[in-house]
Amino acid sequence: MRERTDVCGRFAPSPSGRMHLGNVFCAVLAWLSARSRGGRFLLRIEDLDVRRCKPEHARLLEEDLAWLGLDWDEGGRRGGPDGPYFQSECSELYAQALQMLKEHARVYPCFCSRADLHAASAPHLSDGAVLYGGRCARLSPAEADALRRRRAPALRIAVPEESVSFTDGHLGHFSQNLARECGDFILRRSDGIYAYQLAVAVDDARMGVTQVVRGQDLLSSTPRQIFLQRLLGLPTPEYYHLPLLVNAEGVRLSKREKSLDMGALRARFTPAELTGWLAFLAGQQPAPEPVYEGGARSPPKPTNPYIVVSISQKRHFEQQKCKGFLHRVCEAFFGRVYRKNGAKRGFWPSFGRKRPSAPRRGKKRGRRG
Ligand code: GLU
């Protein structure tokens, strides 16, 4: 494993479609955060689910990042000393981690179907996710063997009645009781695909990642990742969870919406405009100006004091600037794009709207098991 003395950031997209504005927002801020500290930056392709993720999307992703001028030292097709950088090539590493976890915690087969999990009696969390009731945790070895003859099981890890807390660089203190707010979670699916939680915990550590800058939709996954890191004796990076950009209906952007994907954005804006506006929107610079000098593969402007401040300054920014200001900023730039595509209302990110959902503890918001 890498020494953790040097700052190392990463962008870890899933190539399930073309990047949209929200993905670009994460990429810009992750890049700025690492580069402005003189750190390494790496690109990890999270293509665990080979049915949803396509090599052509991964190729486009690299091309779009290069077009934006967001360079990386290692990863993607460029490779590097901590490869593989494509999760689809890392099964052996995840299998080793799984083996270690079995030595330190209870890992058990789970035969529940999706329908079983969503049964009316299952406790549902507010976002529709299901708290696993532990049905298969109670199976005897003989019962499990009998079921195994009929179908391949997923593997779950039993979680303790314990809270995992961390300080998010943007949102502050966050705590989750694993047993009550998350439940025993999946490490490997019944089709043999390793779970995102396990893969990310292993990969961030083996690649020497010291800071994780990503969307707030992954906030509730973080305690699970920290729990796994602790069991595996791995270091915990710093975390910064960013507000999600939403569309005119207030729904987070998805790769299905083509109006704000990189194809549409590249046709309308220059890389300097896009990255400059996004950095400005996040409070990283006083004006929507280019974030780097001299085009691709050059470091952030060393003279700009806003870029070298921590991303956590955005909290201050949020408190200081009024909602109306953010609306105007977004309307002035991205709203233009959005209206061109037929939307009636403007488009703005979720900052300045209701307080981010994160600090309301007790809710499982992640989309991953
Ligand atoms: N692969 C995830 C995504 O595209 C991001 C994972 C992470 O940053 O930890 O949403």
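Just so we're clear, the structure is a prediction, and the values are computed from it rather than from any experiment. Both counts, for ligands and for their atoms, begin at 1 and track the order of listing. Residue numbers run from 1 in the order of the sequence given.
Checked by atom type and distance alone, the side chain of D168 pairs as donor or acceptor with a backbone atom of H241 at under 3.5 Å.
The atoms of ligand 1 that sit less than 4.0 Å from any heavy atom of Y196 are 6 (C), 7 (C), 9 (O). Every atom of ligand 1 is numbered from 1 in the order shown, and the set under 4.0 Å from a heavy atom of S14 is 1 (N), 2 (C), 3 (C), 4 (O). When each atom of ligand 1 is checked for a heavy atom of P13 under 4.0 Å away, the hits are 1 (N), 4 (O). Ligand-side atoms of ligand 1 in range of L218: 5 (C), 6 (C), 7 (C), range being under 4.0 angstrom from any heavy atom. Close approach of ligand 1 to R214 is summarised as follows: ligand atoms under 4.0 Å from at least one heavy atom of the residue are 7 (C), 8 (O), 9 (O). Close contacts between ligand 1 and R10 involve ligand atoms 7 (C), 8 (O), 9 (O) [criterion: under 4.0 Å to a heavy atom].
Between D184 and R106, no side-chain nitrogen of the basic residue sits less than 4.0 Å from a carboxylate oxygen of the acidic one, so the salt-bridge criterion is not met. Note on E63 versus R266: salt bridge recorded, some NZ/NE/NH1/NH2 to OD/OE distance being below 4.0 Å. Here D191 pairs with R51 in a salt bridge; the nearest charged N to carboxylate O distance falls below 4.0 Å.
Any N or O atom pair closer than 3.5 Å counts here, and V200 shares no such pair with ligand 1.
Checked options L32, L29, V24; the residue passing with L278 is V24 (criterion: side-chain contact (heavy atoms from CB on, under 4.5 Å)).
Annotation: side chain of F166 is in contact with side chain of Y239 (closest heavy-atom distance under 4.5 Å).
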